[in-house]
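The structure under discussion appears below in the form of structure tokens.
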Amino acid sequence: MKYLKQQWKTRTSIVLIVSVLVSLILVALERTDWAMQINLQGYSHGSAEGEKPNIAPILMYILPFVKELVLIGVPMLLTLGIAKLFGLIKKRFKRAD
């Protein structure tokens, strides 16, 4: 528990900033012509309208987990990278003093 209390404000701030940045990027992507075309056209997994999807049944169970992994994992990895970068910068400035 004591490790969770160490620098919790800094960690929370980093996670919040990265989450806001990723959200802004996704909102900007949603407003592109490419995204609007996809929304108008729809997505049918490679099959014509009215037909069964041309996708393996196992993928129908795996793809939602991939989506969650990407939407949770990318901000997490960005946050870890930024935290490590700040740690390296902080160590270098301490050595210089």
Scan the side chains in residues 70-88 for donor-acceptor partners under 3.5 Å anywhere in the protein, sequence neighbours excluded, and list what turns up.
residue : atom : partner : partner atom : Å
T79     : OG1  : P75     : O            : 2.7

> By side chain to side chain contact (heavy atoms under 4.5 Å, CB included), which residues pair with I25, not counting sequence neighbours?
Replying inline: none
> Which residues pass the side chain to side chain contact (heavy atoms under 4.5 Å, CB included) test with L69, sequence neighbours left out?
Replying inline: none
Using a 3.5 Å cut-off and no angle test, enumerate the donor-acceptor pairs between side-chain atoms of residues 26-34 and protein atoms at least two apart in sequence or in another chain.
residue : atom : partner : partner atom : Å
T32     : OG1  : L29     : O            : 2.8
T32     : OG1  : A35     : N            : 3.3

Enumerate, atom names and distances included, each donor-acceptor pair closer than 3.5 Å involving a side-chain atom of residues 14-24, sequence neighbours excluded.
residue : atom : partner : partner atom : Å
S19     : OG   : V15     : O            : 2.8
S23     : OG   : S19     : O            : 2.9

